[in-house]
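A short worksheet on the structure shown next.
One is the number of the first residue; the rest follow in order along the sequence.
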Amino acid sequence: MAQNTPKRKIKDSVFTNLFQDKKYLLRLYKALHPEDGNVTEEDIKDVTIKHILVDADYNDLGFSVDGRLVILIESQSTWTLNIVIRALMYLIQTYHDFFKRTKQNLYGSKKVNMPKPELYVIFTGEKTKNPPDTISLSKDFFDGEKIAVDAEIKVLYQEDEDNIIGQYIIFCKVYNEQRKKYGQTKKAVTETIRICKNRNVLKEYLESKEQEVVDIMMTLFDDEQVLEAYAEDIKNSEARENARIMLKNGRITVEEIPSFFPKLTLEDAKELEAEVMQLA
């Protein structure tokens with residue numbers, strides 16, 4: 001794959017890189033809680049889950065504020081209600097880590113201290129209608145019934161040049177526009193950075209880490225293409241197996257295989273015929 005092809009999961013990577021810097025993380029918090037003006041960078045602790053288990057999913061961003069709040073945020077470019085379930089799983093793991101870190105006994109008689117949770121999803125994709133302001137397990141999965149455990153997520157999707165969340169959303173929308181114009185190319189990446197700097201969108205971040213941002217956005221390996229190639233291999237394997245069975249049972253001729261199975265060529269069909277004859 002050419003080196004000038006950007007990674008499809010670009011926005012997630014920029015999101016995590018941006019908020020690894022406590023300066024921007026503090027700005028994010030103040031965008032969520034403008035009334036809390038006394039919080040400093042020292043009050044914020046990163047609690048992002050790096051890995052729940054080997055090869056398991058991990059969340060985009062988690063941080064605690066002065067030990068009284070725990071905030072989990074996911075960045076979504078594709079709309080899905082399943083984020084509610086994932087966020088609940090991340091929250092449970094975050095609490096597990098918190099109790100272990102603070103050495104609190106969940107089996108003791110003393111009530112444990114725990115930070116109040118807040119869950120958010122930043123939606124950067126396109127949708128025919130505006131997404132709801134909140135989604136929840138009870139409302140969206142159980143028709144509003146009262147359930148034993150619920151999770152409610154606030155959905156953030158408004159473009160706003162006055163706060164860092166809105167700027168991040170603008171950044172994603174600009175990239176989507178440039179990708180439509182230039183495809184998955186370096187030109188789309190550099191134009192996105194140029195336009196955003198000119199609009200004063202994430203300007204400080206993009207100027208101070210421009211090469212790092214370009215490096216993040218560019219990759220030799222496109223995760224989505226790898227997954228698509230894997231899925232294509234599965235489909236081809238299934239097509240070969242189905243064609244082999246039909247050929248063995250006399251339900252199809254070698255010449256008919258490419259018509260019934262467009263993914264298979266006449267050469268593939270002849271290979272299958274040889275396999276069937278060997279097993280006969």
message: If you count heavy atoms of other groups shown closer than 6.0 angstrom to NZ of K270, is the number above 12?
response: no
- request: May I ask you to test the I216-K209 pair for a side-chain heavy-atom distance under 4.5 Å?
  value: no
task: Compute whether any side-chain donor of one residue and acceptor of the other, for Y175 and T124, lie under 3.5 angstrom apart.
output: no
query: Is it true that atom NZ of K154 has more than 12 heavy atoms of other residues, nucleotides or ligands lying nearer than 6.0 Å?
result: no
message: For the CD1 atom of I252 and the CD1 atom of I245, what is their distance to the nearest 0.5 Å?
response: 12.0 Å
query: Nearest 0.5 Å, what's the CD1-NZ distance between I164 and K30?
result: 12.5 Å
field: Spatial distance of atom CE (M246) from atom OG1 (T253) [nearest 0.5 Å]
entry: 10.0 Å
task: Answer with yes or no whether the side chains of Q104 and T102 bring together a donor and an acceptor at under 3.5 Å.
output: yes
message: So does S136 get a backbone contact from the side chain of E152, meaning a donor-acceptor N/O pair under 3.5 Å?
response: no
- request: Using the rule that two of Ile, Leu, Val, Met, Phe, Trp, Tyr join whenever any of their side-chain heavy atoms come within less than 4.5 Å, decide whether Y182 and V174 are in one cluster.
  value: no
- prompt: In Å, rounded to the nearest 0.5 Å, how long is the span from CG of L69 to CD1 of I71?
  reply: 5.0 Å
task: May I ask you to test the D60-I73 pair for a side-chain heavy-atom distance under 4.5 Å?
output: no
message: To the closest 0.5 Å, what do you measure between NZ (K23) and CG (L28)?
response: 14.5 Å
Any side-chain heavy-atom pair of Y205 and N17 under 4.5 Å: yes
message: I'd like to know if the side chain of D46 and the backbone of T48 have a donor-acceptor N/O pair within less than 3.5 Å.
response: yes
query: Would you call the rings of Y95 and F98 parallel, tilted or perpendicular if under 30° counts as parallel and over 60° as perpendicular?
result: perpendicular
- request: Could you give me the CA-CA distance, side-chain angles and deciding distance for V121 and Y157, then say whether side-chain contact (heavy atoms from CB on, under 4.5 Å) is met?
  value: CA-CA 8 Å; V121 59; Y157 55 88; over 6 Å; no
field: Electrostatic pair R199-E161, nearest N-O below 4.0 angstrom
entry: yes
query: In terms of side-chain geometry, is the basic nitrogen of R194 or E191 positioned less than 4.0 Å from the acidic oxygen of its partner?
result: yes
field: More than 12 heavy atoms of other groups within 6.0 Å of R68 CZ
entry: yes
task: Name the orientation class of the two ring planes belonging to F15 and F19 (parallel below 30°, tilted from 30 to 60°, perpendicular beyond 60°).
output: perpendicular
task: Test L72 against every option in I49, T94, L61, L88 by the side-chain contact (heavy atoms from CB on, under 4.5 Å) rule and name the one that passes.
output: T94
- prompt: For residues N242 and E238, is any side-chain donor paired with an opposing acceptor at under 3.5 Å?
  reply: no
task: May I ask you to test the V213-L206 pair for a side-chain heavy-atom distance under 4.5 Å?
output: yes
message: I'd like to check I44 versus L26 (side-chain heavy atoms, cut-off strictly below 4.5 Å). Are they in contact?
response: yes
query: Are K139 and T134 close enough, and set up right, to give a side-chain contact (heavy atoms from CB on, under 4.5 Å), and what steps lead you there?
result: CA-CA 10 Å; K139 179 180 68 175; T134 62; 3.5 Å; yes
query: Between D150 and S138, does a side-chain contact (heavy atoms from CB on, under 4.5 Å) hold up when you go through it step by step?
result: CA-CA 6 Å; D150 202 358; S138 59; 2.6 Å; yes
message: Do F261 and R240 have side chains that approach each other closer than 4.5 Å (heavy atoms only, starting at C-beta)?
response: no
- prompt: Given side chains that start at C-beta, do those of R27 and Y24 come closer than 4.5 Å, heavy atoms only?
  reply: yes
message: For a 4.5 angstrom cut-off between non-hydrogen side-chain atoms, does V155 reach W79?
response: yes
- request: Answer yes or no: is there a donor N or O on one side and an acceptor on the other, between the side chain of T265 and the main chain of D268, under 3.5 Å?
  value: yes
- line: The reported gap from CE in M89 to CG in N59 (rounded to nearest 0.5 angstrom) is 11.0 Å
query: Between K180 and E126, does a salt bridge (charged side-chain N to carboxylate O under 4.0 Å, His left out) hold up when you go through it step by step?
result: CA-CA 13 Å; K180 289 177 182 177; E126 298 178 2; 3.0 Å; yes
task: Kindly indicate, with the supporting measurements, whether the criterion side-chain contact (heavy atoms from CB on, under 4.5 Å) is fulfilled by V47 and R101.
output: CA-CA 11 Å; V47 294; R101 185 172 63 251; 3.9 Å; yes
